[in-house]
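Residue numbering restarts at 1 for every chain, and letters A, B, ... go by the order of the sequence lines.
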Amino acid sequence: MPAERYEESYLYRLRHSAAHLMAQAVQELFPKVQLSIGPPVENGFYYDIDFPQPLREEDLARIEKRMKELSKLDQRIVRTEVSREEAKAMILDPAIPGNGPDVAEFKLQLLDAIPEGEAISFYDQQRTDREGTLHRFVDLCRGPHVESTKEIKHFKLMSIAGAYWRGDVRNKQLTRIYGTAFETADELENYLHMLEEAKKRDHRLLGRELGLFMFSPRVGTGLPLWLPKGAMLRHVMTDFLQQEQLKRGYLPVVTPAIANIKLYEKSGHIINYRDKMFPFMEDEERETYILKPMNCPFHIEIYASHMRSYRDLPIRYAEFGTVHRYEQSGEVTGILRARGFTQDDAHLFVTPDQLIEEFVGVVDLMQAVLKKLGLTQYRVRVGVKDPHSDKYVGDDENWEAATAAIKNACDKLGLEYELSEGDAAFYGPKLDLIIKDALGREWQMGTVQVDYNLPERFDLEYIGEDSKPHRPIMIHRAPFGSLERMIGLLTEQYAGAFPFWLSPNQIAILPIADRHIEKAQEVAECLRGTIYDTRPLRVSVDERRETLGKKIREAQLQKTPFMLIIGDKDLEDGTLGVRSREEGDLGAMTLSDFLGKLPHPSAS
RNA sequence: GCCGACAUAGCUCAGUGGUAGAGCAGCUGUUUCGUAAACAGCAGGUCACCGGUUCGAAUCCGGUUGUCGGCUCCA
């Protein structure tokens, strides 16, 4: 039996009804509010409401209390279908609880947005009290809902947020109340417990505990400082990807952090990207410089430095390029969204004939990278132009060609993807890999972008077989997306227990007493001289005068994959006490036996 | 940037108008130890910052900064 779709489930209706119950409670407690929309979402529901005064978080308890009371009243939830005219009259009728001309602003707009021919329905939460008076709460809504408010028992209001009407910053900001609801008390309990557990996997917490990176207010918001273990992680990841790229014919380049603004005027960034750039710099000769938000114009300059032949193409310039973007203060999130970050960037300059093959090659590389990193849960989004926006450069023909190329390549790969209007880069459409963090938030990771426009803006050429100049096409791509985001995500994915090949410290050697230190150092040296997965093994020696138990505990909390214990017995027998992070004590064995126990590099 | 919340020692937190506390981490000494925390002592804070109310502010009020959840945006 196929799994029931969430949108068709009872839980979905229950949450939708919980949103309505909340709206009813809010309306009673704050009579002047205007309701807008209140849908179920992945883990609960929300309702966007316009409050005359600001709502404080402590008000949630009152609302929740009233919801409990309303729920117990066993109000029947009744659907009525009406004509457009009747609907308008109802929304404007102050005699109907929840409606009236003072609170109709958003509901009228919603009514207008309902396409001709589609059913228009209201849901009415009604009850008759002991005196026989009918109480109602009536809300324009597509539904469906549960049958009675008494079914809504296990819920919790979670948080308050501002949310723009219809998701547009130019519109009024409404107050969004998030809540969740479940069929049973246990499920609600489990969900809240799960949230607590997820917080322990937060990369910001683990980043500090594991000594990967830090932030300092003296340095600035969103500007991470990489500590030795985090820097080691970066090194391993870049080294791994660099090798993959060299195998595939990429050429390394290195470019500066700043450039004359003229370069970025030509690329279109100044017009299209300025609000995300750090403030400009001016030198004594009145030249203006910018801190680069992207690497592409530099790579383009390298391409354009001399005449290219079709025989030279494809050219693949790769750089771990550190860029800075002035992200809005409210958006910065640890290293998942920083203001300074390093892209595993490359720009491919290709002929039209090579486009699909090169695109496929990039996606193949991305899939290989994800496999090695152990990331299997991701979705593929093809971001195309929003036809109603003017934030793009280039003519429609180029956009269509680029979009067609991406779709074509996906079909060739048998890759499933979703189309998303408005998610293109300003210079071209793109394919993105999207992965969830510990708290279920989605992040754009790897990206491949097809670009006809920057080659045109920079008048790039190559001489074809016909000895005439032709325009190359560019592919922008970053399999990780950025080192920061990828490391943040991997940290959460593995709860800090990185696979052996990636772990910043792979082996902790723990001498039991001072007299075992010499041997420990000897073993460390030997291991550091051993190449594993193309790199020397990463080994630490804990020389502190602490008990073995404590050294083990700390190595374990640091999620070190292996511990090697050296005591008197080992000196006598020429062995090591081996302990694994996952399996605990593995007993005494020789160094070469231990090396045989290491996971095979290709099986990560 | 906007809406809401939070900010006390390196970390986790207690402290509701009257002399700043605990555990862990740190330092010193003792202990030389076999698979998740040895023992003792010591030190550590402009209670984020600035201003106000008050005889007196960590505590009440205003502002700023930083952080967290969300919106918009994004690798």
**Student:** When you measure from the side chain of Arg176(A), which nucleotide among U67(B), G1(B), C71(B) comes out closest?
**Tutor:**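 For the Arg176(A) side chain, the nearest candidate turns out to be C71(B).
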**Student:** Which nucleotide in the list G34(B), G1(B), A75(B) gets nearest to the side chain of Lys569(A)?
**Tutor:**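 Nearest to the side-chain atoms of Lys569(A), counting from C-beta on, is G34(B).
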**Student:** Which of these nucleotides, G69(B), G34(B), A75(B), is closest to any side-chain atom of Lys430(A)?
**Tutor:**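 Ranking G69(B), G34(B), A75(B) by closest atom to the Lys430(A) side chain puts A75(B) first.
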**Student:** Parallel, tilted or perpendicular for Tyr392(A) and Trp399(A), by the 30°/60° rule?
**Tutor:**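 Perpendicular: the ring planes of Tyr392(A) and Trp399(A) meet at over 60°.
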**Student:** Taking N and O atoms by type only, does the side chain of Arg337(A) place a donor or acceptor under 3.5 Å from a partner on the base of C73(B)?
**Tutor:**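 Indeed there is one.
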**Student:** Mark yes or no for a side-chain to base donor-acceptor pair under 3.5 Å between Thr547(A) and A38(B), with no hydrogen or angle criteria applied.
**Tutor:**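 Answer no: no donor N or O sits under 3.5 Å from an acceptor.
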**Student:** Between G69(B), C33(B), G70(B), which nucleotide has the shortest distance from any of its atoms to the side chain of Arg204(A)?
**Tutor:**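 When the side chain of Arg204(A) is considered, G69(B) is the closest of G69(B), C33(B), G70(B).
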**Student:** May I ask you to establish whether Arg485(A) and Phe480(A) are in a cation-pi arrangement, using a distance under 6.0 Å from NZ or CZ to the six-membered ring centre and at most 45° from the ring axis?
**Tutor:**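 No; the conditions do not both hold, so Arg485(A) does not lie above the ring face of Phe480(A).
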**Student:** Would you kindly compare Gly567(A) and Arg553(A) by the position of their nearest RNA chain B nucleotide and give the one closer to the 5′ end?
**Tutor:**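 Looking at RNA chain B, the more 5' nearest nucleotide goes with Gly567(A).
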**Student:** Which nucleotide wins on minimum distance to the side chain of Arg325(A), given the candidates A36(B), G66(B), A75(B)?
**Tutor:**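 Nearest listed nucleotide: A75(B).
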**Student:** Looking only at the side chain of Leu548(A) (C-beta and beyond, no hydrogens), which of the listed nucleotides A5(B), C33(B), G69(B) gets closest?
**Tutor:**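 Of A5(B), C33(B), G69(B), C33(B) is nearest to the side chain of Leu548(A).
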**Student:** Planes under 30° and centres closer than 5.5 Å, is that true for Phe480(A) with the base of A75(B)?
**Tutor:**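 Not stacked: fails the 5.5 Å / 30° test.
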**Student:** G1(B) base to Tyr164(A) side chain: any donor-acceptor pair below 3.5 Å?
**Tutor:**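 Under the 3.5 Å cut-off, the side chain and the base do form a donor-acceptor pair.
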**Student:** Give a yes or no on whether a salt bridge exists between Asp423(A) and Lys430(A), defined as a side-chain N under 4.0 angstrom from a carboxylate O.
**Tutor:**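 Judged by the 4.0 Å cut-off on N to carboxylate O distance, Asp423(A) and Lys430(A) do not form a salt bridge.
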**Student:** Any salt bridge linking Arg62(A) with Asp59(A)? Criterion: basic side-chain nitrogen under 4.0 Å from a carboxylate oxygen.
**Tutor:**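 Looking at Arg62(A) and Asp59(A), the cut-off is met.
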**Student:** Has the side chain of Asp570(A) got a donor or acceptor that lies under 3.5 Å from a partner of the other kind on the base of G34(B)?
**Tutor:**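 Looking at the base of G34(B), it does pair with a donor or acceptor on the side chain of Asp570(A) (distance under 3.5 Å).
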**Student:** Which sits closer to the 5' end of RNA chain B, Ala478(A) or Leu174(A), going by the nucleotide each is nearest to?
**Tutor:**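 Its nucleotide being nearer the 5' end, the pick is Leu174(A).
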**Student:** Does the base of C74(B) carry an N or O that pairs as donor and acceptor with the side chain of Arg339(A) under 3.5 Å?
**Tutor:**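 Checked by distance alone, the answer is no.
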